[in-house]
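Comments concern the structure below.
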Amino acid sequence: MEPLRRNPEAVARCIQEANTIAVVSHINPDGDTLGAATAMYLILRKLNKDVALFCDGKIPDSLSFLPAVDLFRVPTGKEGPFDLMLAVDVSDRKRMGSADGLMAQSRMTAQIDHHSTNPQYMQVNSVDGNSPATCVMIREQMDFLNVPMTREIAICLYTGISTDTGNFSFSYTNAEVFHLMSELMHHDLPLAKLNRILFREKSREQVKLLGKALNSLTFCGNGKIAVMKLTREDFLETGALSEHADTIVDYGLYTTGTKMAMLARETEKGEIKFSLRALDPCTVNNIAERFGGGGHPQAAGLTLYNGLNEAVEMVLAAMEEEQKSLEE
Ligand code: 5GP
Ligand code: MN
């Protein structure tokens with residue numbers, strides 16, 4: 001496989017040659033994939049392109065403030081043809097979900113992403129595993145398309161950058177991020193309002209679900225691994241949706257002495273979705289990859305199809321192994 005690299009020139013060429021463009025976000029959409037897609041929508045509309053937004057999944061209520069977010073459609077496979085399909089923040093082909101069907105309907109395919117596990121599954125791949133967020137790469141892409149910053153685009157980019165950097169706290173939050181934030185502030189970014197929506201305000205269902213997860217909390221691997229589980233009943237009893245589980249895993253890492261955290265939850269389809277987190281130098285993307293998942297060194301995920309407890313035992317064994325190897 002070719003080494004990963006940013007390639008905004010090649011992506012810009014694809015865009016310049018296209019009139020109809022499908023922009024695709026990943027399943028279980030987060031702030032970075034939706035911020036990047038909505039920013040691309042605004043950018044491409046400035047270039048008078050005919051743009052469609054696709055996401056195989058529900059848009060979380062907490063991200064409904066994003067400009068143009070109402071235009072997202074769940075792909076049925078009957079859309080198209082398109083001159084170009086552009087995936088943003090989609091670390092592997094599986095994470096397109098039903099949008100995968102659009103690949104065959106598109107003359108050209110391209111992607112912009114920041115996951116180091118990306119297998120470069122498009123014709124044109126602009127992938128930088130060291131970039132803190134796909135939205136940072138979208139800003140660079142704007143220069144190659146000669147589209148200037150606007151307040152609306154700033155709102156989209158802030159959403160992706162702030163959520164993927166843990167509100168500017170993760171170790172890979174770099175100078176480029178703060179440089180970009182300065183530019184966004186010059187475009188009248190409503191920082192306090194967005195910060196409250198993205199990081200403080202929680203729905204009642206979300207807080208009740210957090211209570212269930214904290215009740216399930218146990219410590220394994222010599223007390224260094226925090227484990228939480230959410231059953232289908234927990235979701236039904238609280239009225240919470242899958243999206244409400246999004247940041248719960250972080251609470252596992254908040255306890256002193258914890259190096260890794262796991263949240264396992266049963267989805268309505270009966271799958272077990274895992275969120276894994278770690279403190280540097282512990283890593284979890286290697287563990288996720290062993291089970292067909294992926295992600296970043298300190299934040300990764302995977303899906304298993306066994307029963308909840310059995311699935312947790314399997315992933316926990318791998319985490320304990322990783323934890324032990326670091327202690328040796
Ligand atoms: P989360 O735990 O918040 O769902 O995901 C954390 C990170 O892992 C995100 O960057 C996400 O893209 C990645 N991730 C989550 N689940 C999967 C998965 O099943 N496969 C892959 N390749 N990446 C995943
Ligand atoms: Mn991202």
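Atom set for the values below is all heavy atoms of this structure, side chains included, hydrogens, waters and symmetry mates excluded. All ligand and atom numbering here is 1-based and tracks the order in the structure.
Distance alone, capped at 3.5 Å, places no donor-acceptor pair between the Arg151 side chain and the Ile155 backbone.
Among the atoms of Asp30, no N, O or S atom falls under 2.8 Å of the Mn ion (ligand 2). Taking backbone and side chain together, Asp113 holds no N, O or S atom under 2.8 Å from the Mn ion (ligand 2). Residue His114: an N/O/S atom is found under 2.8 Å from the Mn ion (ligand 2).
The Mn ion (ligand 2) is closest to atom OD1 of Asp89 (considering only N, O or S atoms). In Asp164, the N, O or S atom that comes nearest to the Mn ion (ligand 2) is OD2. Shortest distance from the Mn ion (ligand 2) to Asp32 is reached at OD2 (N/O/S atoms only).
Side chains of Thr231 and Glu266: no donor on one and acceptor on the other come within 3.5 Å. A donor and an acceptor atom, one from each side chain of Lys229 and Asn309, are located under 3.5 Å apart. Donor-acceptor pairing under 3.5 Å is lacking for the side chains of Ser126 and Asn7. Between Asp50 and Asn19, the side chains place no donor N or O within less than 3.5 Å of an acceptor N or O (distance only, hydrogens not considered). Using modelled atom types and a 3.5 Å distance limit, the side chains of Thr283 and Gln298 yield no donor-acceptor pair. With no hydrogens or angles considered, a side-chain donor-acceptor pair links Thr258 and Thr255 at under 3.5 Å. No side-chain donor-acceptor contact under 3.5 Å links Asn125 and Glu2.
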### Message
Checking Asp246 against Gln206 for the side-chain hydrogen bond (donor to acceptor under 3.5 Å, both in side chains) test, could you report, in this order, the C-alpha distance in whole Å, the side-chain angles of both residues, the deciding distance, and whether it holds?
### Response
CA-CA 9 Å; Asp246 256 8; Gln206 218 167 351; over 6 Å; no

message = I'd like to know whether Asp164 forms a side-chain hydrogen bond (donor to acceptor under 3.5 Å, both in side chains) with His296, so could you lay out the CA-CA distance, the side-chain angles of the two residues, the decisive distance to 0.1 Å, and finally the verdict.
response = CA-CA 10 Å; Asp164 260 28; His296 306 285; 4.7 Å; no

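Using a non-hydrogen distance threshold of 4.0 Å, Lys273 registers as a contact of ligand 1. The closest approach between a heavy atom of His26 and any atom of ligand 1 is not below 4.0 Å. Using 4.0 Å as the threshold, Lys94 has no heavy atom nearer than that to any atom of ligand 1. Heavy-atom distances between Asn28 and ligand 1 stay at or above 4.0 Å for every pair.
With ligand atoms numbered from 1 in the order given, ligand 1 contributes 10 (O), 12 (O) to contacts under 4.0 Å with heavy atoms of His115. If you number the atoms of ligand 1 from 1 as listed, the ones under 4.0 Å from a heavy atom of Gly295 come out as 8 (O), 13 (C), 23 (N). Close contacts between ligand 1 and His296 involve ligand atoms 10 (O) [criterion: under 4.0 Å to a heavy atom]. In the vicinity of Ser91, heavy-atom distances shorter than 4.0 Å reach the ligand 1 atoms 22 (N), 23 (N).
Aromatic ring pairs are classed by plane angle as parallel below 30°, tilted from 30° to 60° and perpendicular above 60°; the pair Phe82 and Phe54 is perpendicular.
Atom 11 (C) of ligand 1 has Arg95 NH2, 3.7 Å as its closest protein atom, hydrogens excluded (heavy atom only). Among protein heavy atoms, the minimum distance from atom 7 (C) of ligand 1 is reached at Ala299 O, 3.4 Å. The protein non-hydrogen atom at the shortest distance from atom 21 (C) of ligand 1 is Gly294 N, 3.2 Å. Among protein heavy atoms, atom 22 (N) of ligand 1 sits closest to Asp92 OD2, 3.0 Å. For atom 2 (O) of ligand 1, the closest non-hydrogen atom on the protein side is Ser275 OG, 2.7 Å. The protein non-hydrogen atom at the shortest distance from atom 18 (C) of ligand 1 is Gly301 O, 3.5 Å. Nearest protein heavy-atom neighbour of atom 3 (O) of ligand 1: Arg277 NH2, 2.9 Å.
Taking the ring centroids of Phe274 and Phe291, they lie at or beyond the 6.0 Å cut-off.
Shown are His186, His179, Met185; of these, the side chain to side chain contact (heavy atoms under 4.5 Å, CB included) with Ser182 is made only by His186.
Contacts between Leu302 and ligand 1 below 4.0 angstrom, taking non-hydrogen atoms only, involve the backbone exclusively.
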